[in-house]
Student: 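This is the structure I have questions about; it appears just below.
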Amino acid sequence: MNIYKDIMQDIEMEKAKAQNEQDMRKQQVYASIPRIQEIDQQISDIGIKFARLALGAKDIDREIEQLKSEIFALKEERQTLLKARYSANYLELQNICSQCQDIGHVNGIRCRCIKSRIINKYLQISGFGNVLEYENFDHFDLRYFSEEKDIATGISPREQMQGAFKAAMDFVYNFDVKYTNLLFYGGAGLGKTFLCHCIAKDTIDRGIPVLYTTANRLAKNMENARFNKEEHDPTELELYYTSPLLIIDDLGTEFSTIVTQSEIFDVINNRLMGKRATVISTNFSYKDMQDVYSERIVSRLFGEYKTFKFIGNDIRIAKKAKVLEL
């Protein structure tokens, strides 16, 4: 699978469609305003004269100026005729991206439109389906979280979730002005993945590219990059490092080896150095993390990320019980 190649093929198809639509508009205009077709032919003929002058004639400045004046007058007449019945840009080719003019790069740097397409491709691959339609901030319900205070922390699951929810909202709506990383950790079924989905949905809605992956997928892709170079897609690996927001769900579910730990650390550390935001969720406790991961990974996560420990009982069970009550 080569995502970048697929995207460029999609763009070529869209460009061909845009070209076809432009040709159809041109034929429509020529049929309704024959003078515009005549003008286009005259401009084309003058262009040929330009080429001939440039090939061999001397002292051609006066002739060139005369031809320029003729072209200018023809274009003015053309615009006047076109605007009388259509819009001024009706015959222009409609570019998909105004930044790169559908080339895919600007001054040798990959255009934002390509990066956004790549992110969207991986969002599809991630298996979201329509999950973001109902797992988002608008459907977040604190009633499923207990108000009973936890003995160890002195706060209730609902109070804890209120804090995490507020931090997630702040993360999204101040994304462009405040650099932050988030770590959600604690037992299964406490709302961590749901909150990751909320962040993904609203960040995408704000026009910010998001790469969402599981730790297991990330580790497998890293392993393929190292040992099966012909099968991996370098585009996805690049995005682990460069996407404006990377969300890694279920850290700890990957098959942990020295190699995968090294690769995960490299992604985490590289993004920290580049001040690119990352959100990570894990079912591990702080102690679990210390037992499984190297000290430098744990240090980065708990030292550089804003951490939220999730407590309480599995809310999926609570939701199911609520449905049964109804």
Student: Given Thr213, which of Leu246, Leu239, Ile247 fulfils the side chain to side chain contact (heavy atoms under 4.5 Å, CB included) condition?
Tutor: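 Single side chain to side chain contact (heavy atoms under 4.5 Å, CB included) partner of Thr213 among Leu246, Leu239, Ile247: Leu246.
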
Student: In terms of side-chain heavy atoms, does Asp202 have a donor or acceptor partner in Tyr173 at a distance below 3.5 Å?
Tutor: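 There is such a pair between these side chains.
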
Student: Using distance alone, with no hydrogens and no angle criterion, decide if Glu263 and Tyr240 have a side-chain donor and acceptor under 3.5 Å apart.
Tutor: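 Absent: no donor and acceptor within the cut-off.
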
Student: Consider only side-chain N and O atoms of Tyr30 and Asp40, and report whether a donor and an acceptor are under 3.5 Å apart.
Tutor: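 Indeed, the side chains of Tyr30 and Asp40 share at least one donor-acceptor pair under 3.5 Å.
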
Student: Are there over 12 heavy-atom neighbours, none belonging to Gln290, within less than 6.0 Å of that residue's CD?
Tutor: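 Correct, the count exceeds 12.
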
Student: Between Gln22 and Gln19, does any side-chain donor sit less than 3.5 Å from a side-chain acceptor?
Tutor: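 Gln19 and Gln22 do have a side-chain donor-acceptor pair below 3.5 Å.
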
Student: For the OH atom of Tyr90 and the CZ atom of Arg25, what is their distance to the nearest 0.5 Å?
Tutor: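 CZ of Arg25 is found 6.5 Å from OH of Tyr90.
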
Student: Would you say that Arg85 contacts Val29 through its side chain, given a criterion of any heavy-atom pair below 4.5 Å between the two side chains?
Tutor: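 No, too far: nothing below the 4.5 Å cut-off.
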
Student: Measure up the Phe171 and Phe175 rings against each other and bin them: parallel (under 30°), tilted (30 to 60°), perpendicular (over 60°).
Tutor: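 Phe171 vs Phe175 ring planes: perpendicular.
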
Student: For the residue pair Gln27 / Asp23, report whether a side-chain donor-acceptor contact shorter than 3.5 Å exists.
Tutor: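 No - no donor-acceptor pair under 3.5 Å links their side chains.
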
Student: Students often mix this up, so state it plainly: with edges at 30° and 60°, are the rings of Tyr212 and His197 parallel, tilted or perpendicular?
Tutor: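 Tyr212 and His197: tilted rings.
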
Student: Can you confirm whether the side chains of Asn269 and Arg296 place a donor and an acceptor under 3.5 Å from each other?
Tutor: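 Absent: no donor and acceptor within the cut-off.
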
Student: Can you tell me how the ring of Phe165 sits relative to the ring of Phe137, calling it parallel under 30°, perpendicular over 60° and tilted otherwise?
Tutor: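 Aromatic pair Phe165/Phe137 classed perpendicular.
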
Student: Atom NZ of residue position Lys17 - does it have more than 12 heavy atoms of other residues, nucleotides or ligands inside 6.0 Å?
Tutor: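 No, NZ of Lys17 has 12 or fewer neighbouring heavy atoms, counting only those of other groups under 6.0 Å.
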
Student: Quick one: does any side-chain atom of Glu304 pair with a main-chain N or O of Phe302 as donor and acceptor, under 3.5 Å?
Tutor: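 Checking the backbone N and O of Phe302 against the side chain of Glu304, no donor-acceptor pair under 3.5 Å is found.
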
Student: Strictly distance-based, threshold 3.5 Å: is any side-chain N or O of Arg276 a donor or acceptor partner for the main-chain N or O of Ser243?
Tutor: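 No, Arg276 side chain to Ser243 backbone: no donor-acceptor pair under 3.5 Å.
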
Student: Charged N to carboxylate O under 4.0 angstrom, Lys149 versus Glu159?
Tutor: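 Yes.
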
Student: Keeping Ser156 on the side-chain end and Glu148 on the backbone end, is there a donor-acceptor pair under 3.5 Å?
Tutor: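 Answer holds: no.
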
Student: Measuring from atom CD1 of Ile268 to atom CD of Gln261, what distance do you get when rounded to the nearest 0.5 angstrom?
Tutor: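 So the CD1 of Ile268 and the CD of Gln261 are separated by 10.0 Å.
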
Student: Using 4.0 Å as the upper bound for N to carboxylate O, is an ion pair formed by Asp205 and Lys201?
Tutor: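 Yes, this pair counts.
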
Student: Does the side chain of Asn216 pick up a donor-acceptor pair with the side chain of Thr214 at under 3.5 Å?
Tutor: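 No, because no side-chain N or O of Asn216 sits under 3.5 Å from a partner of the opposite role on Thr214.
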
Student: For Lys49 and Asp45, what are the C-alpha separation, side-chain angles and deciding distance, and is it a salt bridge (Lys or Arg N to Asp or Glu O under 4.0 Å)?
Tutor: CA-CA 7 Å; Lys49 290 181 182 179; Asp45 293 341; over 6 Å; no

Student: Ignoring hydrogens and geometry beyond distance, is a side-chain donor-acceptor pair present between Tyr185 and Asn283 at under 3.5 Å?
Tutor: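 There is no such pair between these side chains.
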
Student: State plainly whether the residues Arg117 and Glu14 are in salt-bridge range, i.e. N to O under 4.0 Å.
Tutor: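 Yes.
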
Student: Taking the side chain as everything from C-beta on, heavy atoms only, tell me whether Ser32 gets closer than 4.5 Å to Tyr86.
Tutor: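 Yes; the side chains approach each other to less than 4.5 Å.
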
Student: Answer with yes or no whether the side chains of Thr307 and Tyr286 bring together a donor and an acceptor at under 3.5 Å.
Tutor: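 Looking only at side-chain atoms, Thr307 and Tyr286 do not form any donor-acceptor pair under 3.5 Å.
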
Student: How about Tyr241 and Asp266: does a side-chain donor come under 3.5 Å of a side-chain acceptor?
Tutor: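 A pair is found: one side chain offers a donor N or O, the other an acceptor, under 3.5 Å apart.
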
Student: Taking C-beta and beyond as the side chain, do Ser146 and Arg158 meet within less than 4.5 Å on heavy atoms?
Tutor: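 SC-SC contact between Ser146 and Arg158 ruled out.
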
Student: Decide, yes or no, whether a salt bridge links Arg35 with Glu77 under the criterion of side-chain N to carboxylate O below 4.0 Å.
Tutor: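 Here Arg35 pairs with Glu77 in a salt bridge, since their nearest N and O are under 4.0 Å apart.
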
Student: For Lys309, I'd like to know if atom NZ has over 12 heavy atoms of other residues, nucleotides or ligands within 6.0 Å.
Tutor: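 Not more than 12 within 6.0 Å, no.
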
Student: Is there a donor-acceptor contact under 3.5 Å from the side chain of Asp291 to the main chain of Asp288?
Tutor: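 Side chain of Asp291 to backbone of Asp288: no pair is present.
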
Student: On a heavy-atom basis, which atom in Leu81 and which in Ile33 lie closest, and how many Å separate them?
Tutor: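 What the structure gives for the nearest pair is O-CD1, 3.7 Å.
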
Student: Are Ile36 and Leu82 close enough that some pair of their side-chain heavy atoms sits under 4.5 Å apart?
Tutor: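 The answer is yes; the side chains approach within 4.5 Å.
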
Student: Could you check if a side-chain atom of Asp176 sits within less than 4.5 angstrom of a side-chain atom of Arg206, using non-hydrogen atoms only?
Tutor: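 Yes - at least one pair of side-chain heavy atoms lies under 4.5 Å apart.
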
Student: Heavy atoms, side chains only, cut-off 4.5 Å: are Leu301 and Leu251 in contact?
Tutor: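 Yes. Closest side-chain heavy atoms under 4.5 Å.
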
Student: Quick one: does Ser69's side chain have a donor or acceptor within less than 3.5 Å of a partner on Glu65's backbone?
Tutor: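 Such a contact is found between Ser69 side chain and Glu65 backbone.
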
Student: Just by distance, no angles: are the side chains of Asp249 and Ser281 close enough, under 3.5 Å, to form a donor-acceptor pair?
Tutor: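 Asp249 vs Ser281: donor-acceptor pair found between side chains.
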
Student: Hey, is the main chain of Asp170 close enough, under 3.5 Å, to the side chain of Lys178 for a donor-acceptor pair?
Tutor: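 Not at all, since once roles are kept as given, no pair shorter than 3.5 Å links the two residues.
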
Student: Using a strict threshold of under 4.0 Å (side-chain N to carboxylate O), is an ion pair present between Lys220 and Glu223?
Tutor: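 Looking at Lys220 together with Glu223, the answer is no, because their closest N to O distance does not fall below 4.0 Å.
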
Student: So which heavy atom on Asn136 is nearest to which on Cys198, and how close?
Tutor: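 Shortest heavy-atom separation between Asn136 and Cys198 comes out as C-SG, 3.3 Å.
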
